[in-house]
Amino acid sequence: MSDSRAHNGSERRSQCFHCGASCEDSCVEFDAKLFCCTGCSVVYQLLKTDDVCSVMTDAEIARQRFSRKPIPRFEYVDDESIQASLISFRDAKQAYCVFKVPSIHCASCIWTLENLFRLDPAVLRTEVNFLKKTVSISYVHTEISLRQVVELITRLGYEPEIRLQEVEDREAESRTTKSTRALYYKIGVAGFAFGNVMLFSAPDYLARISNDGALLSPAFRNLFAILSVALSVPVLLYSASDYFVNSWYSLRDRVLSLDVPLALGIGALFVRSVYDVSTGHGTGFFDSFTGLVFFLLIARVFQAKSFDTLSFERNYKSYFPLSVTKKDRGHQRVIPLSKLEEADVIVVRHGELIPADSVLISEHVHVDYSFVSGESNVVELLRGATVY
């Protein structure tokens, strides 16, 4: 009986005091109690006070608990170029940004981050995407800066992951969104033309099936043929334009890509159809022409979505920070990594990534090159050695 009680007691001690989750892997200790994350700890601290309502509503108490004292390593966030890449929207009053926060893992984390406005009234609204581990923050930029927002969530234990690749991915995502929107417009134009040209061609199909000759008078046949030409021209010049442009670049570089035969087929089908209509030999093949372009564009959408789903490779920049500590005349200051120049002296602390090929100034260090070579053994380097 005593062994069973001792076992149950140890299980309780390894559980989060707030939510009951396991604390074996990582835990936060506060007030002689274990919590599975900082979020549970913060929620417990806020609810621990006798007057819960005053804690949750009194801005003065919130400001005392979470001051805006600067954190030196976030000095680079004050740089305008960095802010321009991190802020998604800004007007005369408020701004909006999205951060990657890997430490989000439970309901308390979500509650804590979505109640930032209780800790700082300058934060208007916070929304957490649990699956993507992101937090969207709207704030009054005239009262609180982007750096202070980052420092606020960092003090809560949810330091955002601000990497060089994250910024580039966001810019690439913006460009991808514009190209995807243009592709959908082209599909819409091709689909509209395809549907209407099929209706104009229906009498010809029915006449061939019934073997009763033409179902329309020559005047109507000519009218429908002219309308088919008019609807096919935007498909050629707009919807199918990428195939001709890509073919031109391929031929200019003396490379035969897949777009070259597609462009030849599309162009030949359109020219032959116009020739048949202009010479009176028939109504052409505009239904096949518009249908071909329409389905080719749909296939391109599925191809793009498949590539996005299967794409998982990350380059070295995905691990790089946005800032680096520069030593200048005995003083240390944090600058954006993009402003690092040749002959600058940088300070790299234990566990940090060396962001550029450098020459060692310290007497000796141990460097972990597993990031580059895959070897787990550390390498000892002496003063004057090249550090990659």
Side chain to side chain contact (heavy atoms under 4.5 Å, CB included) evaluation trace for V324 with D344: CA-CA 11 Å; V324 62; D344 284 347; over 6 Å; no

Just do the side chain to side chain contact (heavy atoms under 4.5 Å, CB included) check on V233 and Y238 with the steps written out, would you? CA-CA 8 Å; V233 170; Y238 178 65; over 6 Å; no

May I have the step-by-step check of side chain to side chain contact (heavy atoms under 4.5 Å, CB included) for D120 and Q148, ending in yes or no? CA-CA 10 Å; D120 198 312; Q148 290 172 332; over 6 Å; no

Begin from the C-alpha positions of T290 and L231 and carry the test side chain to side chain contact (heavy atoms under 4.5 Å, CB included) through to its verdict. CA-CA 9 Å; T290 53; L231 288 172; over 6 Å; no

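When all heavy atoms are compared, the tightest approach of S103 to Y158 is OG-CD2, 3.3 Å. Closest heavy-atom contact between A190 and S239: N-OG, 3.6 Å. Listed here is the closest heavy atom pair of C97 and Y139: SG-CE2, 3.9 Å. A pairwise comparison of heavy atoms in L360 and L382 identifies CD2-O, 3.4 Å as the closest pair. Here the closest heavy-atom approach between residue V123 and residue L152 is recorded as CG2-CD2, 4.1 Å. When all heavy atoms of S278 and Y275 are compared, the pair lying nearest together is OG-O, 3.0 Å.
Among residue pairs with one or both ends in residues 337-359, none qualify as ring pair (Phe, Tyr, Trp, His ring centres under 6.0 Å); sequence neighbours excluded. Applying the salt bridge (Lys or Arg N to Asp or Glu O under 4.0 Å) rule to pairs touching residues 227-249 yields K186-D242, D242-R300, sequence neighbours excluded. Annotation: ring pair (Phe, Tyr, Trp, His ring centres under 6.0 Å) contacts involving residues 112-137, sequence neighbours excluded, are absent.
Using a 4.5 Å cut-off on side-chain heavy atoms (C-beta onward), V128 and W111 make no contact. Inter-residue side-chain proximity for Y249 and D259 is flagged as unmet; no heavy-atom pair is nearer than 4.5 Å.
F302 and L296 end up in the same hydrophobic cluster when Ile, Leu, Val, Met, Phe, Trp and Tyr side chains are linked at under 4.5 Å. Put simply, L124 and V135 are part of two different groups of oily side chains (I, L, V, M, F, W, Y) that touch within less than 4.5 Å, one to the next. Under a hydrophobic clustering in which Ile, Leu, Val, Met, Phe, Trp and Tyr are joined whenever their side-chain heavy atoms come within less than 4.5 Å, directly or via other members, V367 and V378 fall into different clusters. Transitive grouping of hydrophobic side chains (ILVMFWY, heavy atoms separated by less than 4.5 Å) keeps M198 and I226 in distinct clusters. Note on V150: it clusters hydrophobically with I87, by side-chain heavy-atom contacts below 4.5 Å among ILVMFWY residues.
The environment of CD in E80 is sparse: at most 12 heavy-atom neighbours from other residues, nucleotides or ligands sit within 6.0 Å.
S358 contributes no side-chain N or O that, together with a main-chain N or O of V387, makes up a donor-acceptor pair within less than 3.5 Å. Proximity of a side-chain donor or acceptor of E75 to a complementary backbone N or O of R333 within less than 3.5 Å is not detected. The main-chain N or O of R383 is never found under 3.5 Å from a side-chain atom of E363 such that the two would form a donor-acceptor pair. A donor-acceptor contact shorter than 3.5 Å is absent between the side chain of T142 and the backbone of V140. A donor-acceptor pair under 3.5 Å links the side-chain atoms of N129 to the main chain of K132, judged by distance alone. When atom types are taken as modelled, the side chain of T154 and the backbone of E159 share no donor-acceptor pair closer than 3.5 angstrom.
Rounded to the nearest 0.5 angstrom, Q332 CD and T325 OG1 are separated by 6.5 Å. Atom OG of residue S257 and atom CG of residue L251 lie 7.5 Å apart, to the nearest 0.5 angstrom. Note: Y96 OH to R90 CZ = 15.5 Å, rounded to the nearest 0.5 Å. Taken to the nearest 0.5 Å, the OG atom of S250 stands 6.5 Å off from the CG atom of N246. Between the OG1 atom in T112 and the CZ atom in R118 there is a gap of 11.5 Å [rounded to 0.5 Å]. For the atom pair NZ (K327) and CD1 (I361), the distance works out to 8.0 Å, reported to the nearest 0.5 Å.
Checking I298, L269, I266, L236 one by one against V293, the side-chain contact (heavy atoms from CB on, under 4.5 Å) holds for a single residue, I266.
Ring geometry for F270 versus F289: interplanar angle of 30 to 60°, hence tilted.
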